[in-house]
Amino acid sequence: MSIRTALVIGGGIAGPVTATGLRRAGIEARVYEAYPGPAFNIGSALGFAPNGLAALDVIGAGDAVRKVALPMTDTVMSLGHKQISMPALPGVEPLQVVDRSSLHEVLHDAAVAAGVPFEYGKRLIGVDEHSDGVTAHFADGSAATADVLVGADGIKSMVRTLIDPQAPAADYLGMLGFGAYTRCSFDLAPRTMVFAYGKNAYYLYWSLPDGRIGWGANLPHRQYLSLSEARKVPAEQWLRILRETYGDDVPGGELARSTAPEELAVTGALHIMPPVPTWHRGRMVLVGDSVHAPSNSTGQGASLAIESGIQLARCLRDCADPATAFATYERIRRPRVERIAARGAKISHSKTVGPVMRRMMPVLMPLAGKLMKLEETMLREQSYVIDWDAPVDVGAELARA
């Protein structure tokens with residue numbers, strides 16, 4: 001095997017998984033992260049799809065995530081006063097809700113257990129490619145060399161720009177994300193998640209075993225605010241805005257009013273990646289949000305990143321050179337991730353519709369669901385399983401995707 005070593009840039013979700021998969025494939029991988037330490041205690045809850053769990057089972061991390069996640073056995077769509085129960089999908093696990101910080105910790109620990117070294121405070125500033133490898137240069141003056149470099153550095157990827165200076169940036173969805181756990185007077189059945197279209201904005205909420213309610217808000221906001229910019233605004237100010245926005249909704253108004261400033265998690269601008277023309281160049285390749293970040297509406301962002309990391313590892317295991325491995329990886333991943341991203345973009349648009357369309361949604365949404373064959377689509381997305389032991393076969397992978 002000509003590919004023996006890899007530099008993985010980014011220590012969030014895709015990076016540790018990719019490095020663990022590479023280690024399992026016999027490739028020595030090392031993770032370089034710009035932050036000074038592991039990304040614990042960052043962010044709020046996220047939805048985790050069964051295909052993501054199945055992918056983590058490949059590297060032995062699925063059960064660890066199941067231990068820290070909460071399965072949602074019932075899902076409901078709320079449109080004003082109308083509630084539509086969503087059918088459970090046969091043969092797949094339910095949607096899981098997991099704290100992003102807990103997920104980061106599990107994936108980091110799984111990578112360390114697999115022998116993956118992590119180096120922190122390593123902000124990538126440049127890359128040199130040569131005939132037999134690639135050298136990464138970091139802001140602290142250090143450098144590292146390997147056979148290939150994997151960009152798992154997120155939505156604002158430096159590696160994406162190094163591969164293609166004309167690469168598109170992520171699109172701002174016109175919404176800011178917030179989350180909280182709080183106590184309210186209304187009852188919600190155990191393990192139930194509700195996706196709610198309120199009077200002015202979309203939100204979701206779910207029950208917790210201790211009686212609290214978890215909720216997340218997608219707040220329409222014309223001005224783009226990064227995570228750090230949004231967190232500079234006092235939580236009390238954001239809560240005033242959330243209470244005004246969701247005040248007339250049931251139970252959205254009570255959720256906002258019950259949330260204390262110290263309970264509010266601010267996650268900043270919500271993004272979606274448009275199709276990225278160039279996934280790889282020379283000895284560099286992209287994985288995860290750096291190349292395919294779907295709308296949070298899909299519930300697939302983390303799961304798709306994990307799938308891609310493991311599939312990239314398979315391709316580097318089975319192909320004789322980086323160019324063939326990267327091209328094969330793109331062929332088997334691009335159709336799936338772009339199809340799911342397109343579905344998510346349509347859902348995200350519905351979160352910011354005007355008042356007239358919002359009044360029509362209780363009539364249109366059930367019909368749209370039937371027309372789009374939503375259950376069939378979701379089953380195809382969520383029943384996806386990676387056959388690690390099989391040699392990579394493009395035709396078989398595309399049929400399964």
Side-chain angles (χ1 to χ4, degrees), residues 43-47 72 74-86 97 99 172-189 192-208 210-227 229-270 295-297 299 347-366:
S44 58
L46 58 83
M72 294 289 116
D74 293 298
T75 56
V76 176
M77 183 168 290
S78 176
L79 303 156
H81 296 294
K82 186 178 180 64
Q83 299 225 333
I84 303 168
S85 294
M86 307 299 288
V97 177
D99 280 333
Y172 173 47
L173 290 173
M175 293 178 284
L176 303 178
F178 299 87
Y181 299 116
T182 190
R183 293 192 180 275
C184 294
S185 61
F186 70 92
D187 293 324
L188 183 62
T192 296
M193 173 169 279
V194 182
F195 302 93
Y197 287 83
K199 180 180 178 181
N200 298 308
Y202 170 88
Y203 64 106
L204 71 163
Y205 56 97
W206 61 96
S207 55
L208 295 167
D210 63 3
R212 291 180 300 162
I213 301 294
W215 75 291
N218 289 179
L219 179 72
H221 199 268
R222 289 185 180 180
Q223 181 185 1
Y224 175 90
L225 293 178
S226 67
L227 173 63
E229 290 170 337
R231 288 182 174 176
K232 289 179 181 178
V233 178
E236 293 85 353
Q237 183 173 332
W238 284 127
L239 281 172
R240 285 196 296 271
I241 296 171
L242 291 168
R243 288 162 183 167
E244 290 172 1
T245 302
Y246 295 100
D248 294 337
D249 297 327
V250 179
E254 184 178 351
L255 287 167
R257 289 187 292 271
S258 299
T259 300
E262 63 272 15
E263 294 173 332
L264 187 68
V266 180
T267 58
L270 302 179
S295 159
N296 66 328
S297 306
I347 299 173
S348 292
H349 179 70
S350 73
K351 293 179 180 179
T352 55
V353 297
V356 174
M357 182 59 72
R358 194 169 298 282
R359 287 195 294 271
M360 295 175 64
M361 285 182 68
V363 176
L364 295 177
M365 286 296 286

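All residue numbers refer to positions in the sequence shown, counting from 1.
The pair D248-K199 counts as a salt bridge, with a side-chain nitrogen and a carboxylate oxygen less than 4.0 angstrom apart.
Considering all non-hydrogen atoms of both residues, Q83 and V76 come closest at OE1-CG1, 3.5 Å. Taking both residues in full, the closest heavy atoms of S78 and V194 are given as CB-CG1, 3.7 Å, listed atom of the first, atom of the second, then distance. Of all heavy-atom pairs spanning Y203 and D249, the tightest one is OH-CB, 3.8 Å. Contact detail for V266 and L227: the closest heavy-atom pair is O-CD1, 3.3 Å. The two residues T259 and L239 have their closest heavy-atom pair at O-CD1, 3.5 Å. Residues V97 and M193 share a closest heavy-atom pair of CG2-CE, 3.3 Å.
E236 places no side-chain N or O within 3.5 Å of a backbone atom of P261 that could act as its donor or acceptor partner. Formation of a donor-acceptor pair under 3.5 Å by the N218 side chain with backbone atoms of M175 is not found in this model. Between the T182 side chain and the S258 main chain, a donor and an acceptor come within less than 3.5 Å of each other. T245 contributes a side-chain N or O that, together with a main-chain N or O of I241, makes up a donor-acceptor pair within less than 3.5 Å. Put simply, the side chain of R243 gets close to the backbone of A256: a donor and an acceptor are under 3.5 Å apart.
Using a 4.5 Å heavy-atom threshold, the side chains of C184 and L255 count as touching. Proximity of D99 to L46: side-chain heavy atoms (C-beta onward) are nowhere separated by under 4.5 Å.
The environment of CG in D210 is crowded: more than 12 heavy-atom neighbours from other residues, nucleotides or ligands sit within 6.0 Å.
Atoms CG and CH2, from L204 and W215 in turn, are 10.0 Å apart once rounded to the nearest 0.5 Å. Rounded to the nearest 0.5 angstrom, T192 OG1 and M72 CE are separated by 7.5 Å. Distance CD/E229 to CG/L176: 10.0 Å, rounded to 0.5 Å. Within the model, atoms OH of Y246 and CZ of F178 stand 9.0 Å from one another, a figure rounded to the nearest 0.5 Å. Taking CG of L270 as the reference point, atom CG of L219 lies at 9.5 Å (rounded to 0.5 Å). Here the straight-line distance linking atom CG of N200 with atom CG of L242 works out to 12.0 Å at 0.5 Å rounding.
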Side chain to side chain contact (heavy atoms under 4.5 Å, CB included) between Y205 and F186, worked out: CA-CA 12 Å; Y205 56 97; F186 70 92; 4.1 Å; yes
Working for side chain to side chain contact (heavy atoms under 4.5 Å, CB included), residues L173 and Y224: CA-CA 9 Å; L173 290 173; Y224 175 90; over 6 Å; no
Chi angles and distances behind the side chain to side chain contact (heavy atoms under 4.5 Å, CB included) call for I213, W206: CA-CA 6 Å; I213 301 294; W206 61 96; over 6 Å; no
Derivation of the side chain to side chain contact (heavy atoms under 4.5 Å, CB included) call for E263 and Y181: CA-CA 6 Å; E263 294 173 332; Y181 299 116; over 6 Å; no
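Using cut-offs of 30° and 60° for the angle between ring planes, the W238 and H221 rings count as perpendicular.
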